[in-house]
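Worksheet: the structure to be examined is printed underneath.
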Amino acid sequence: QVQLVESGGGSVQSGGSLRLSCAASGGTISSYSMGWFRQAPGKGREGVAAIHTRYTTRYADSVKGRVTITRDNANNMVYLEMNSLKPEDTAMYYCAAAGRQLSWWSLLSDQWYNYWGQGTQVTVSS
């Protein structure tokens, strides 16, 4: 059973940057596809970025070019570097792990992810 804890959220102004971290315990993440999802008030959860066990990545069109997902299997960590933040990036951000091999097309679909963290809030002001 993998436990995930996110950190690094906060309040920034438009154009600012944040680095979110996801610490995993209870198992090694090397065999999991890992993803970052977000949910804004009144909206559904959406996939932001994900990274396969073989390091293939996929990004939502809304963040492409501004966000980078990386993984550090040795330390059981996943990161989300976010730059040029916009007010529409404001949301609760969740780290998730998929306990099965995912295709590239499935990486941003939350239905395939078994384990979820509690989330970290990101607020971007204009």
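Worth saying up front: this structure is predicted, and the values here are computed from it rather than measured.
Heavy-atom neighbours of Gln118 CD from other residues, nucleotides or ligands within 6.0 Å: at or below the threshold of 12.
Nearest approach of Leu4 to Ala97, heavy atoms of both residues: CD1-N, 3.7 Å. Residue Ser17 comes nearest to Ser84 through the heavy atom pair OG-N, 4.3 Å, listed as atom of the first residue, atom of the second, then distance. Here the closest heavy-atom approach between residue Arg38 and residue Ser62 is recorded as NH2-OG, 3.4 Å. The two residues Leu102 and Ala98 make their nearest non-hydrogen contact at CD1-CB, 3.6 Å. Across all their heavy atoms, Pro87 and Ser126 have their closest contact at CG-CB, 3.9 Å. The nearest pair of heavy atoms linking Met82 to Val122 is CE-CG2, 4.0 Å.
When atom types are taken as modelled, the side chain of Asp72 and the backbone of Ala74 share a donor-acceptor pair closer than 3.5 angstrom. With hydrogens and angles ignored, the 3.5 Å screen pairs a side-chain donor or acceptor of Asn76 with a backbone N or O of Ile29. Side-chain atoms of Trp104 come within 3.5 Å of backbone N or O of Thr57 as a donor-acceptor pair. Using modelled atom types, no side-chain atom of Arg58 and backbone atom of Ile51 make a donor-acceptor pair closer than 3.5 Å. At distances below 3.5 Å, at least one donor-acceptor pair connects side-chain atoms of Glu6 with backbone N or O atoms of Gly119. No side-chain donor-acceptor contact under 3.5 Å links Asn83 to the backbone of Val67. Put simply, the side chain of Thr123 never gets that close to the backbone of Ser11: no donor and acceptor are under 3.5 Å apart.
Distance check: Gln121 CD to Tyr93 OH gives 9.0 Å after rounding to the nearest 0.5 Å. Here the CE atom belonging to Met92 is positioned 12.0 Å from the CZ atom belonging to Arg45, to the nearest 0.5 angstrom. Between the CE atom of Met34 and the OG1 atom of Thr70 there is a distance of 11.5 Å, given to the nearest 0.5 Å. Distance OH/Tyr59 to CG/Leu108: 10.5 Å, rounded to 0.5 Å. To the nearest 0.5 Å, the span separating CH2 on Trp36 from CG on Leu80 amounts to 6.0 Å.
Remark: Arg19 qualifies as a cation-pi partner of Tyr79 under the 6.0 Å distance and 45° angle criteria applied to the six-membered ring.
Listed by chain and number, the residues in a ring pair (Phe, Tyr, Trp, His ring centres under 6.0 Å) with Tyr113 are Phe37 (sequence neighbours excluded).
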- Item | Pair Ser109-Ser106, side chain to side chain donor-acceptor pair (under 3.5 Å): steps then yes or no | CA-CA 5 Å; Ser109 297; Ser106 300; 5.4 Å; no
- Which is it for Leu107 and Ser33 under the side-chain contact (heavy atoms from CB on, under 4.5 Å) test, yes or no, and what are the steps along the way? CA-CA 8 Å; Leu107 281 173; Ser33 289; 3.9 Å; yes
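You'll find the side chain of Ser125 stays beyond 4.5 Å of the side chain of Ser14, heavy atoms only. Looking at heavy atoms from C-beta onward, Trp112 lies in side-chain contact with Arg100 at the 4.5 angstrom threshold. Taking the side chain as every heavy atom from C-beta outward, Tyr32 and Gln101 never approach each other to under 4.5 Å. At a threshold of 4.5 Å between non-hydrogen side-chain atoms, the residues Tyr94 and Cys22 do not count as touching. Proximity of Leu18 to Leu85: side-chain heavy atoms (C-beta onward) are separated by under 4.5 Å at one or more points.
A chain of hydrophobic side-chain contacts below 4.5 Å, direct or via other Ile, Leu, Val, Met, Phe, Trp or Tyr residues, connects Val48 to Tyr55.
Electrostatic pairing of Lys86 and Asp89 does not count as a salt bridge here, judged by no charged N lying under 4.0 Å from a carboxylate O.
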